[in-house]
Amino acid sequence: MRILVTGGAGFIGANFVYYTLKNHPDYDIICVDSLTYAGNLSTLQKALKSPRFTFYRQDIRDRDGIDAIFQKERPDAVVNFAAESHVDRSIETPELFLQTNILGAQVMMDACLRYGNVRFHQVSTDEIYGDLPLDRPDLLFTENSPLRPSSPYSASKAGADMLTLAYFRTYGLRATVSRCSNNYGPFQFPEKLIPLMIANALEDKPLPVYGQGLNVRDWLYVADHCRAVDLILEKGEPGQVYNVGGHNEMRNIDIVKLLCAQLGKPESLITFVTDRKGHDLRYAIDPAKIRAELGWEPQTPFAEGLKKTVRWYLDNRPWWEQIISGEYRNYYQRMYGDR
Ligand code: NAD
Ligand code: TDX
């Protein structure tokens with residue numbers, strides 16, 4: 001099996017590369033990533049030593065470039081992780097999100113069709129469902145919930161998700177879609193909640209919680225997401241959508257307090273800042289379908305996953321220190337400077 005992974009130098013893509021190298025000794029992996037600010041080749045350092053791993057620095061929006069890679073590598077399957085992934089950045093620069101997340105996905109699907117209907121998996125997100133009220137814990141997103149995206153990021157992901165299902169119906173593309181909840185774990189870029197709070201706390205900097213920190217996210221350890229995508233590739237049915245989540249809803253403020261406790265830092269570092277525009281209140285996934293049809297269950301309890309994640313950031317300081325010392329400083333100043 002030759003599997004082409006886009007966005008493999010980012011957080012989940014890289015975890016998927018390592019997961020696949022370890023669990024499928026008979027697979028070759030072709031990684032395509034344009035190395036935006038969020039992509040980091042040092043993340044793939046170990047993978048690059050494997051003869052079963054090939055890396056291309058390539059933008060998925062560039063049809064000719066993608067075509068040349070398909071021509072040379074002839075993949076059997078494609079998993080599309082590549083995306084602009086940060087909601088706050090999408091509020092600043094929506095256009096880039098539409099280009100990469102929708103048109104880039106289309107380029108990948110067109111290539112799959114041209115090279116013999118290659119199996120395609122689109123990594124979508126629970127954010128496309130919009131949000132749920134805080135006072136209705138009984139409500140969960142199912143695969144049939146309406147799509148009501150709130151941010152340019154989630155609207156662009158909804159576009160790609162719908163386009164994937166349209167390519168299945170119109171052209172018969174052998175495609176599946178997964179809609180996963182918030183991931184956490186090693187190699188997550190420090191602009192996202194958990195690594196941002198870890199990095200700031202370790203440097204005794206303020207911990208900027210949006211609004212009152214009461215928004216709820218449904219957290220899943222990244223390896224559990226990787227296993228779900230792997231299962232869908234192996235056993236999923238083309239044309240189907242699978243929700244992925246672990247029934248692990250947490251308020252932001254509680255996560256930040258847990259991190260303070262684990263790092264031995266005072267809660268007085270917590271600073272409440274101006275809320276995100278259009279901020280979704282609550283996400284909660286019903287994973288009944290993937291459990292019943294593919295036998296997927298999350299394996300990492302949150303307490304264990306969070307400990308492992310904190311340990312990883314403590315043990316891999318050079319990885320994130322290098323990131324936050326560069327262009328990230330300008331971003332941080334722009335985003336949090338006078339918030
Ligand atoms: P990330 O931002 O860490 O990584 C994205 C990767 O895509 C980077 O390596 C970047 O260089 C690459 N990329 C961006 N634009 C590209 C382009 N035009 N061409 C080629 N490569 C490009 O993102 P992530 O958190 O790892 O998310 C991966 C995927 O999973 C995304 O599609 C995201 O929407 C989805 N997702 C993420 C989460 C989460 O909690 N992080 C949850 C559900 C779904
Ligand atoms: O500094 C912060 N302070 C804060 O309170 C940051 C960065 C975030 N937050 C809040 C906003 C959210 O309620 O924490 C929550 C999580 O924020 P993010 O880490 O930005 O994630 P979210 O917006 O929930 O989106 C994530 O999950 C779904 C990923 O970034 C998406 O790519 C994925 O699709």
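Heads up: numbering here begins at 1 and tracks the sequence. Note that ligands are numbered from 1 as they come in the structure, with each ligand's atoms numbered from 1 the same way.
Of the N or O atoms in Glu191, none lie within a sub-3.5 Å distance of an N or O in ligand 1. Any N or O atom pair closer than 3.5 Å counts here, and Asp126 shares no such pair with ligand 2. On a distance-only criterion, Asn215 and ligand 2 share no N/O pair closer than 3.5 Å. At least one N or O atom of Leu193 sits closer than 3.5 Å to an N or O atom of ligand 2. Residue Leu196 has no N or O atom closer than 3.5 Å to an N or O atom of ligand 2. Considering backbone and side-chain N/O atoms, Tyr283 never comes within less than 3.5 Å of an N/O atom of ligand 2. Any N or O atom pair closer than 3.5 Å counts here, and Trp219 shares no such pair with ligand 2.
Of the protein's heavy atoms, Asp33 OD2, 3.6 Å lies nearest to atom 8 (C) of ligand 1. Counting only heavy atoms of the protein, atom 18 (N) of ligand 1 lies nearest to Asp59 OD1, 2.9 Å. Shortest contact from atom 35 (C) of ligand 1 to any protein heavy atom: Val123 CG1, 3.9 Å. Protein heavy atom in closest approach to atom 3 (O) of ligand 1: Phe11 N, 3.1 Å. In this structure, the protein non-hydrogen atom closest to atom 23 (O) of ligand 1 is Ser85 OG, 3.2 Å. In terms of protein heavy-atom proximity, atom 38 (C) of ligand 1 is nearest to Ile12 CD1, 3.6 Å. For atom 33 (C) of ligand 1, the nearest protein heavy atom (residue, atom name, distance) is Tyr153 OH, 3.5 Å. When only non-hydrogen protein atoms are considered, atom 42 (C) of ligand 1 lies nearest to Ser181 O, 3.4 Å.
Interface atoms of ligand 2 facing His279, defined by a heavy-atom separation under 4.0 Å, are 11 (C), 12 (C), 13 (O). Near Tyr336, with a cut-off below 4.0 Å to any heavy atom, the atoms of ligand 2 are 1 (O), 2 (C), 6 (C), 7 (C). Taking a cut-off of under 4.0 Å to the non-hydrogen atoms of His86, the atoms of ligand 2 that pass are 20 (O). Residue contact check: Thr125 has heavy atoms under 4.0 Å from atoms 28 (C), 33 (C), 34 (O) of ligand 2. Close approach of ligand 2 to Glu191 (heavy-atom distance below 4.0 Å) involves ligand atoms 7 (C). Those atoms of ligand 2 with a heavy atom of Tyr153 less than 4.0 angstrom away are 31 (C), 32 (O), 33 (C), 34 (O). Against a heavy-atom cut-off of under 4.0 Å, Glu127 is close to the following atoms of ligand 2: 22 (P), 23 (O), 24 (O), 25 (O), 26 (C), 27 (O), 28 (C), 31 (C), 33 (C), 34 (O). Here is the list of ligand 2 atoms found below 4.0 Å of a heavy atom in Ser85: 30 (O), 31 (C), 32 (O).
Compare Phe81, Tyr283, Phe97 by their heavy atoms: the one nearest to atom 29 (C) of ligand 1 is in Phe81. Closest heavy-atom approach to atom 22 (C) of ligand 1 among the candidates Gly13, Gly10, Ser34: Ser34.
Residue contacts with ligand 1 include Ser124, since one or more of its heavy atoms lies under 4.0 Å from the ligand. In this structure, Met335 has no heavy atom closer than 4.0 Å to ligand 2. Ligand 2 lies out of reach of Lys157, whose nearest heavy atom is not under 4.0 Å from it.
Of the heavy atoms in Asn101, none comes closer than 4.0 Å to ligand 1. If you look at Arg179 next to ligand 1, there are no close heavy atoms at all, none under 4.0 Å. Of the heavy atoms in Gln58, only backbone atoms (N, CA, C, O) come closer than 4.0 Å to ligand 1.
With Tyr37 as the aromatic partner, Arg89 meets the cation-pi criteria of under 6.0 angstrom to the ring centre and within 45 degrees of the ring axis.
Between Asp26 and Met1, the closest side-chain pair of non-hydrogen atoms is not below 4.5 Å.
A side chain to side chain contact (heavy atoms under 4.5 Å, CB included) with Met108 is found for one member of Val79, Val118, Leu4 and no other, namely Leu4.
Listed for the Asp224 side chain is a donor-acceptor partner under 3.5 Å among the backbone atoms of Gln299.
Remark: Gln45 CD is loosely packed, at most 12 non-hydrogen atoms of other residues, nucleotides or ligands lying under 6.0 Å away.
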